[in-house]
Amino acid sequence: MASDVERGEEEEEEEESASELLRDRFRLCTISIAETEAKRNGMEISQPIMACISDLAFKYAKQLARDVELFAQHAGRKSINMEDVILSAHRNDHLSASLRSFSNNLKAKEPQSDRKRKKITKKEDKAAKEVLHIDS
Amino acid sequence: MEEKTFDPDLIRAIFKLVWEKRGAEREKNQLSENEAEVQFQLHLCAKVSLFRWTKYDEEKQANSCSLSNTANGNALKLSCELLRVFVAEAIQRAAAIAEAEGSLKIEATHLERILPQLLLDF
């Protein structure tokens, strides 16, 4: 009984350290994205706020993982799809429209398509992003 | 101009961590659920309990077989985009509040004002 409890504790510690490692890597990515965005508006971000936003996004990513897993399971699949990710953004119409156009871009880029299609999809992407900013 | 976004491998690692944790929890729960179910069924008449037990067994098999463990490449890229938009929206909304106040740095007060609407939107 005692060994089971010990094993359980060891597993929990391993999970926590793995989670911490991922959180640190995530924070580095967030810092670069956030600084680019802030420069666009001519603002600076204080370090504690950066950590807050990164932890918030990390929790959101974990929530997204659960949602997307449930959607795929509901559809009877074992691997997640682009549709699952788009579904998880169903609460905001602009967001799901923007994600849908992004996914169409990705699909169009896969096979070696003509240049004309790429030009059109780039314009759609810009238009969708503008819509998102105006709404906020 | 290439935009900065999250690393798909990092996102895949996060997803796998969550899925493995959920899988382990589900196994633990199913073990205790089995015991509870068996005790409950013993109190009912034989025919009814047999029918219910087989139905429960089928459901359990259906659920455990379809646990996700892989992610489509495009789905990961889309998730990266979604998370990037989340961070970008948070920064832009907080920056708008900070600008309205006339300060050059985004502080905690700016962030906490946009937080409720941000969480509702996402």
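In what follows, every chain begins at residue 1, and chains take the letters A, B, ... in the order their sequences are listed. These values consider heavy atoms only, across backbone and side chains, with no hydrogens, waters or symmetry-generated copies.
The choice from A/L99, A/I86, A/V68 that makes the most heavy-atom pairs within less than 4.5 Å of chain B is A/L99. The residue among B/L104, B/N74, B/L118 with the most heavy atom pairs within less than 4.5 Å of chain A is B/N74. With respect to chain B, the highest number of heavy-atom pairs below 4.5 Å among A/L56, A/V85, A/I53 belongs to A/V85. With respect to chain B, the highest number of heavy-atom pairs below 4.5 Å among A/I33, A/L64, A/L70 belongs to A/I33. Of the residues considered (B/T5, B/D7, B/L119, B/L82), B/L82 shows the highest number of contacts with chain A, using heavy-atom pairs under 4.5 Å. When each of A/R66, A/E15, A/K62 is checked for heavy-atom pairs under 4.5 Å with chain B, A/R66 comes out on top.
Residue B/L78 touches chain A through both its backbone and its side chain, counting heavy-atom pairs closer than 4.5 Å. Using a 4.5 Å cut-off between heavy atoms, B/L76 makes no contact with chain A at all. In this structure, chain B has heavy atoms under 4.5 Å from both the backbone and the side chain of A/S19. Neither the backbone nor the side chain of A/L28 has a heavy atom closer than 4.5 Å to any heavy atom of chain B. Looking at B/L111, the atoms closer than 4.5 Å to chain A (heavy atoms on both sides) all sit in the side chain, from C-beta outward. Heavy atoms closer than 4.5 Å to chain B are found in the side chain of A/T36, but not in its backbone. Using a 4.5 Å cut-off between heavy atoms, B/E99 touches chain A through backbone and side chain atoms alike. For B/I114, no part lies under 4.5 angstrom from a heavy atom of chain A.
Distance check, rounded to the nearest 0.5 Å: CD of B/E107 to CD of B/E101 gives 9.5 Å. Rounded to the nearest 0.5 Å, atoms CZ (A/R25) and OG1 (A/T30) are 12.0 Å apart. How far NZ of B/K105 is from CD1 of A/I49: 10.0 Å, rounded to the nearest 0.5 Å.
Taking the six-membered ring where tryptophan is involved, the planes of B/F6 and A/F26 are essentially parallel, since the angle between them stays under 30° and well short of 60°. Ring planes of B/F122 and B/F86: perpendicular class, angle over 60° (limits at 30 and 60°).
Side-chain N or O atoms of B/S79 include one that pairs as donor or acceptor with a backbone N or O of B/A75 at under 3.5 Å. Distance alone, capped at 3.5 Å, places no donor-acceptor pair between the A/S54 side chain and the A/I31 backbone. Judged purely by atom type and a 3.5 angstrom limit, A/D84 uses its side chain to pair as donor or acceptor with the backbone of A/N81.
Using modelled atom types, one finds no donor on one side chain facing an acceptor on the other under 3.5 Å when comparing B/N29 with B/E25.
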